[in-house]
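Within every chain, numbering begins at 1; the chains are lettered A, B, ... in the order of the sequence lines, protein sequences first and strands thereafter. This one's a predicted model, so the numbers in the text were calculated from it and none came from an experiment.
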There are 2 protein chains.
Amino acid sequence: MATIKDVAKRAGVGLGTASRVIAGNGSVSEDAIRRVRKAIEELKFRPSHAARVLQKGQSQTIGVFVPLVHGSFYTPILHAIYTTLRASGRHMVVDFGQSLESERQDALEGAEFLTDRGCDGLIVMATALTSADIERIAERQPRFVLLNRSSARFQDRCFNPDHRAAGAAAARALCEAGHRRLAVIEGPKTSRDNTLRMRGFEEALGAYGIDAARLARARGDFSPESGRAGTRELLERDGSFTALFCANDEMAMGALSYLGQAGVAVPGRLSVMGYDGIDLSELTVPPLTTVLIPWREIATNALNHLLNLCYGSALPVERDIPAQVLWRESVARIG
Amino acid sequence: MATIKDVAKRAGVGLGTASRVIAGNGSVSEDAIRRVRKAIEELKFRPSHAARVLQKGQSQTIGVFVPLVHGSFYTPILHAIYTTLRASGRHMVVDFGQSLESERQDALEGAEFLTDRGCDGLIVMATALTSADIERIAERQPRFVLLNRSSARFQDRCFNPDHRAAGAAAARALCEAGHRRLAVIEGPKTSRDNTLRMRGFEEALGAYGIDAARLARARGDFSPESGRAGTRELLERDGSFTALFCANDEMAMGALSYLGQAGVAVPGRLSVMGYDGIDLSELTVPPLTTVLIPWREIATNALNHLLNLCYGSALPVERDIPAQVLWRESVARIG
DNA sequence: GCGGAAAGTGGAAACGTTTCCACGTGACCT
DNA sequence: AGGTCACGTGGAAACGTTTCCACTTTCCGC
């Protein structure tokens, strides 16, 4: 591989001049520019990224950690970040966790990995992080933002939907549609956002005279499979509820799948409601009524904030983008 | 950030000794090891990845390009690669394309980007690449493998399912189930693998006395939305076919969704068959009958081959893992 | 014609590693 | 006692950039 030295030699200029042409800053004569460009072409020169990072201490790269590669939830968020980032001329390196159970550890390692790789800033999406974990990340890489995890100490770097309000909205939607006997499939215990939305859900019930303690509950792990299992369990325990709220759309899809096979009409006999508003939720039969969380927008704003932090940009950052119930056909209005 | 020099100074040893302790090779006294370890701890030293890459010319990192971030198809493949890679102690950097239309250009740029980043090898998944494109990639980074794109010149580095055989299997399955009037929704023109599976599909029809020219055809772009649109178009044109083959599962899911809303019973009035065997295909209502392509296995084998290429490992590499029809409930046996 | 600013230039130094070479020390053999 | 060997060690050189400083030339205004 040709180096900048070779380029300089071939173009008959000094090292500095060659570098300036490549970087496009400093003043260089038209003639020198032409010669250097030609040499680059001829030698197929490509600057060494490693050498550059070593020298400049900057990589024009943002690191992103998400807990899972597969599944339908995280990738649209990555997509949103990626698109915005490319538009600003920077790059993205992603690291993934292995499973939701190991999310905490994975995120910690991921943040280290990405920092080591010379990322100028980090977007970490991991609800399971403890405050100490966050401090630890901050210590090694002060330029970071958190997605879906709030922290009093780093409040301005936290970007999350208002899960509590969104959970409440889900409950209200179901109650307004006339449902009174409700069941829920929660997310895993480690998921702080699940806790929040469930709290919101339960709190909203009071206004309709429903005792939260009488809610039929099952716990899943956000996977479709656990949605199937949870639904079966709930039904076997006591099938008298008329509406089922799932803590995310993938579990709701599992529920729909189970109900379809069990011959339970949706929404005829049982209504199903999801959460998140992933793209696929539109494709189920019947189309899933869900709470649309503006994940893409939230992620984009988090990125903008990070860009401001890292490169002194002045991108607009919006917070508090509201969630809204997306009425489709899996919830019936009764009573 | 502390450097290895600081560590050496603090531990009271020379640069070389410190480096040897960190790398874990060469011979160093117990005492020196202890002192260096202590210094590392105290200074919170972390080696600079950039400096290391610059010096060694190796990064223990494999670059992967996939055409799309979002969607359900590519991420399980990434997951499979990632898991295997981590198990071997190396790392992965992923680059994504923006859309299937720009796949070719995206892949070219992605390969350059990943090479520039000092990846020791590349996995490029892009069916739309031309031979010249592949040459160009090879020129800059001779250590690469191709996923889902065959090339005579680099035959041993190509890992793909036998789309033609798989397409034929789909046709046979439908015909054996008694279907004679068939419709298909193809993938985009740029997709060589779509072409192949369609050819296989058509070729197999002859044995059942079906004229391939009489096939009802629509073209999609592999997205669920295009599956919806294609189904509607087909139905409006001439709804006399009894089975619909979609070139991938996502379009099949779109089809199912459309049919559900249009009140067309599946498989009662119309059978639907998918292709790929993505995880979600199990969750549709009714569960989707599809051709299971062993993508994860293919990807893992491609990776193993690449690892052999890059690091002289001797991992086993299997080729020709057969696809198989996954019978579920969206195809009826008739006649 | 002269002073001084501006434009253009070359090359040394620095970024943080690893590798290689040279050297000292003690153990072991003969 | 002398020779060889292995082990442990320190530090210079190299990897490929960018940045900074010093220098020359050109141009402009007086």
Asker: Does NZ or CZ of A:R149 come closer than 6.0 Å to the centre of the six-membered ring of A:F154, within 45° of the ring's axis?
Answerer: no
Asker: When all nucleic acid strands are considered with a 4.0 Å heavy-atom cut-off, which category describes B:S19: base, sugar-phosphate, or nothing?
Answerer: base
Asker: Cation over ring, B:R86 on A:F96, under 6.0 Å and within 45°?
Answerer: no
Asker: For the residue pair A:W295 and A:F73, does the interplanar ring angle fall in the parallel (under 30°), tilted (30 to 60°) or perpendicular (over 60°) class?
Answerer: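 Geometry flag for A:F73 against A:W295: perpendicular rings.
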Asker: Using a distance-only test with no angle check, is there a side-chain donor-acceptor pair under 3.5 angstrom linking A:D31 and A:S29?
Answerer: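 On atom types as modelled, these side chains do not qualify, holding no pair under 3.5 Å.
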Asker: With B:V317, which of B:N308, B:V145, B:L307 fulfils side-chain contact (heavy atoms from CB on, under 4.5 Å)?
Answerer: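 The option that passes is B:N308.
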Asker: For chain B and DNA chain C, what are the first and last nucleotides along the strand, 5' to 3', with at least one atom under 4.0 angstrom from a heavy atom of the protein chain?
Answerer: C:dG16 to C:dC20
Asker: If you apply the rule side chain to side chain donor-acceptor pair (under 3.5 Å), what do you find for A:N148 with A:N160, and how did you get there?
Answerer: CA-CA 5 Å; A:N148 205 25; A:N160 357 265; over 6 Å; no
Asker: Quick check: do B:F144 and B:I62 have side-chain heavy atoms less than 4.5 Å from each other?
Answerer: no
Asker: Could you tell me whether the side chains of A:S59 and A:R52 share a donor-acceptor contact shorter than 3.5 Å?
Answerer: no
Asker: Using a cut-off of strictly less than 4.0 Å between a heavy atom of the residue and any atom of DNA chain C, enumerate the qualifying residues of residues 22-42 of chain A by number.
Answerer: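 Listed by number, they are A:S27, A:V28, A:S29, A:A32.
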Asker: Please tell me if the side chains of A:Y311 and A:Q60 come closer than 4.5 Å, counting only heavy atoms from C-beta onward.
Answerer: yes
Asker: Give me the one residue out of A:N301, A:L315, A:T300 that meets side-chain contact (heavy atoms from CB on, under 4.5 Å) with A:T84.
Answerer: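 Single side-chain contact (heavy atoms from CB on, under 4.5 Å) partner of A:T84 among A:N301, A:L315, A:T300: A:T300.
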Asker: Among residues 43-56 of chain A, which residues get a heavy atom nearer than 4.0 Å to DNA chain C?
Answerer: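 When residues 43-56 of chain A is checked for heavy atoms under 4.0 Å from DNA chain C, the hits, listed by number, are A:L54, A:Q55.
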